[in-house]
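Shown next, in structure tokens, is the structure this report addresses.
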Amino acid sequence: MQGYLYFVAKRALLMLAVIFFGVSAMFLVTYLSPIDPVEQVLGRLSARSNLSPEAIASTREALTAMFGTGQPMLTQYFNFWTRLLQGDLGASLMAFPTPAMELVMRGMPWTLGLLLSSTILTFIIGNLMGGLAGYFQNNRFFKAFGIVTMGLQPIPYYIVAFIILIIFGFLWPVLPISGGFSMDVRPGWSWTFVFSVLQHSLLPAFSLVLVGLGGWFIGMRALVSNIVTEDYVTYAELAGVKRDTIVGAYVMRNALVPQVTALAMTIGGVFSGTIITEQVFNYPGMGSLLVDAVNAGDYSTVLAVCTVSITAVAFAIFVVDLLHPLLDPRVRAE
């Protein structure tokens, strides 16, 4: 037990280090960007109304003081961490005066729901089919399934999303292709709203699942193909152990350990694919918010989205790391 707690403490410190350096890197990127967020706001204000030079100058001075863009980099950096630890990253420039974190909190449930559902489905289906394909190596169905999934794996997320959009949006329009729910449905905990949300999430989740299946299938099939040649599997077969028990308890369970480790390594890639997919389907998540914020030069919202994203991905990897010793006693013993 003490060894496991030491393992947890090391992983927790590593997670905090990843969050610190990742968020600091994002701050440096936004600081070095040539786009001035204050000038972006002034440009939008000038396009909408006739402002005098005096009004523009006073507005520029007020916005510069409010967001601290005229201060030295180190001062801005320390102020950023001070506000971040208080849960305040300032107001959003594109939705002023709405706090940037409030916009992120609105989009987070959509992205988390899409990410979790697609990741869990991809992991379960890919490993299950790959394990069965590795054990029943002459089965035609599993061979055909492997060819299809491996053919889809190298295709970028957005290409698959566009293909699905064309098929189910224009050629066979059976599912909604844009938004998070129907415009005529009032948000709330009602069956109508939940059903509408599920309908709108099917195509984005389906595109993520299709691209991700190939990697899990190939990895699990290769692991199982090696395990089935082990002596304990051969002995179990000769001893008359049920085939379901051999596949589930002896083969799949042992092959699943490295796949759980691989899951931690792929979470970040799935999250980036979610951002692109949200943009294709106009899904109201953090990915769409990030793209809108970058286009508007809204660095408060960009930093808020990136901070929450880095923290969420690092925490997810941390949780997966904690599961590894529970599956593999050798790690727990170390």
Side-chain angles (χ1 to χ4, degrees), residues 110-165 167-168 174-175 197-228 243-278 280-281 283 313 316-317 319-320 323-324 326-327:
W110 300 96
T111 298
L112 284 181
L114 184 61
L115 179 65
L116 288 175
S117 61
S118 60
T119 302
I120 292 173
L121 284 175
T122 305
F123 183 80
I124 293 176
I125 297 174
N127 283 291
L128 178 61
M129 300 300 289
L132 294 175
Y135 189 82
F136 303 101
Q137 298 181 6
N138 296 322
N139 188 285
R140 294 182 179 180
F141 172 77
F142 294 128
K143 287 183 178 180
F145 185 86
I147 293 173
V148 173
T149 55
M150 286 187 290
L152 291 172
Q153 185 195 5
I155 305 177
Y157 285 101
Y158 62 91
I159 298 295
V160 175
F162 276 122
I163 293 175
I164 292 177
L165 186 69
I167 293 175
F168 293 99
V174 294
L175 290 172
V197 170
L198 290 176
Q199 275 188 313
H200 284 74
S201 65
L202 284 177
L203 293 185
F206 185 50
S207 65
L208 293 171
V209 170
L210 282 180
V211 177
L213 277 178
W216 296 119
F217 180 88
I218 296 171
M220 193 65 171
R221 187 181 63 179
L223 290 168
V224 170
S225 297
N226 292 328
I227 291 177
V228 293
R243 178 162 292 183
D244 294 344
T245 303
I246 296 175
V247 175
Y250 294 1
V251 177
M252 300 281 280
R253 183 178 178 182
N254 290 332
L256 197 60
V257 174
Q259 291 294 83
V260 172
T261 305
L263 177 62
M265 300 172 62
T266 59
I267 288 178
V270 176
F271 184 81
S272 64
T274 306
I275 293 177
I276 299 173
T277 304
E278 285 181 1
V280 173
F281 291 99
Y283 202 69
V313 171
I317 295 174
V319 172
V320 173
L323 295 176
H324 192 194
L326 301 178
L327 295 174

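The model shown is predicted, which means the values in this text are computed figures rather than measured ones. As a basis for the values below, the full set of heavy atoms in this structure was taken, side chains included, without hydrogen atoms, waters or symmetry mates. We number each residue from 1, following the sequence as shown.
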How long is the span from the [atom1] atom in [X] to the [atom2] atom in [Y], to the nearest 0.5 Å?
X	Y	atom1	atom2	result
Arg221	Lys143	CZ	NZ	10.0 Å
Ser207	Leu202	OG	CG	11.0 Å
Leu208	Leu121	CG	CG	10.5 Å
Ile164	Leu210	CD1	CG	5.0 Å

Sequence neighbours excluded and cut-off under 3.5 Å, please list the side-chain donor-acceptor pairs for residues 122-130, or say none.
residue, atom, partner, partner atom, Å
Thr122, OG1, Ser118, O, 2.6
Asn127, OD1, Gln259, NE2, 2.7
Asn127, ND2, Phe123, O, 2.7

Closest heavy-atom pair and its distance - Gly131, Val224: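 Here Gly131 and Val224 meet closest at O-CG1, 3.5 Å.
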Please check if atom CZ in Phe136 has more than 12 non-hydrogen atoms from other residues, nucleotides or ligands closer than 6.0 Å.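 Counting other residues, nucleotides and ligands, CZ of Phe136 exceeds 12 neighbours.
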Qualifying residues under ring-ring contact (aromatic ring centres under 6.0 Å, His included), relative to Phe217, sequence neighbours excluded: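 So Phe217 forms a ring-ring contact (aromatic ring centres under 6.0 Å, His included) with Phe145.
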Can you sort out the partners of Phe168 under ring-ring contact (aromatic ring centres under 6.0 Å, His included), two or more places apart, ordered by chain and number? Trp172
